[in-house]
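What you see is a predicted model, and the numbers here were worked out from it, not measured in a lab.
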Amino acid sequence: MAGSGVNSRNAQDLLETGVDALHLTGKSTRDSVMTYRREGIAMGGLSEVPEYEIAYADVEKIRKVVEIVQPVNS
């Protein structure tokens with residue numbers, strides 16, 4: 001299984017190496033709609049974790065990889 005950084009640009013190359021499974025998040029981020037923001041305070045406890053950014057599974061990113069993988073596994 002190949003993972004970490006798998007996306008539609010490298011999925012085919014990874015499959016051609018002989019791996020039989022790909023692991024990906026298909027993640028994107030968007031800005032939070034929070035109105036009140038207090039810069040300098042990390043509510044999650046880690047200053048390197050973006051406080052006002054929301055990560056989500058991006059359906060289009062995932063769909064592009066699935067379209068590449070499906071013919072191989074059909």
Side-chain angles (χ1 to χ4, degrees):
M1 176 185 296
S4 186
V6 174
N7 57 54
S8 62
R9 292 182 306 276
N10 61 20
Q12 186 63 47
D13 292 337
L14 292 166
L15 292 172
E16 289 172 5
T17 68
V19 298
D20 63 354
L22 300 175
H23 180 270
L24 68 146
T25 61
K27 177 176 69 175
S28 285
T29 58
R30 65 174 171 80
D31 192 40
S32 166
V33 296
M34 284 179 64
T35 303
Y36 179 77
R37 296 180 181 209
R38 176 75 189 262
E39 299 300 327
I41 295 178
M43 292 173 56
L46 300 171
S47 60
E48 60 272 7
V49 175
E51 192 66 38
Y52 306 110
E53 190 175 88
I54 297 172
Y56 65 96
D58 187 321
V59 173
E60 285 307 309
K61 285 183 177 182
I62 297 167
R63 185 182 329 253
K64 287 178 183 179
V65 173
V66 168
E67 288 172 357
I68 293 166
V69 172
Q70 277 184 332
V72 173
N73 293 326
S74 302

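When all heavy atoms of S8 and K64 are compared, the pair lying nearest together is CB-CB, 3.7 Å. The shortest heavy-atom contact between I54 and S32 is CD1-CA, 3.9 Å. Contact detail for G26 and I62: the closest heavy-atom pair is CA-CG1, 3.9 Å. Contact detail for G5 and N10: the closest heavy-atom pair is O-ND2, 3.0 Å.
Note on Y52 and Y56: separate hydrophobic clusters, where clusters join Ile, Leu, Val, Met, Phe, Trp and Tyr whose side-chain heavy atoms are under 4.5 Å apart, directly or indirectly. When the side chains of ILVMFWY residues are joined at heavy-atom separations under 4.5 Å, either directly or via intervening members, V69 and V6 end up in a single hydrophobic cluster.
Between D58 atom CG and K27 atom NZ the span is 12.0 Å, to the nearest 0.5 Å. Between atom CD of residue E51 and atom CE of residue M34 there is a gap of 7.0 Å, rounded to the nearest 0.5 Å. The CD1 atom of I68 sits 8.0 Å away from atom CG of L15, with the distance rounded to the nearest 0.5 Å.
K61 contributes no side-chain N or O that, together with a main-chain N or O of N7, makes up a donor-acceptor pair within less than 3.5 Å.
The salt bridge (Lys or Arg N to Asp or Glu O under 4.0 Å) test applied to E60 returns R63, not counting sequence neighbours.
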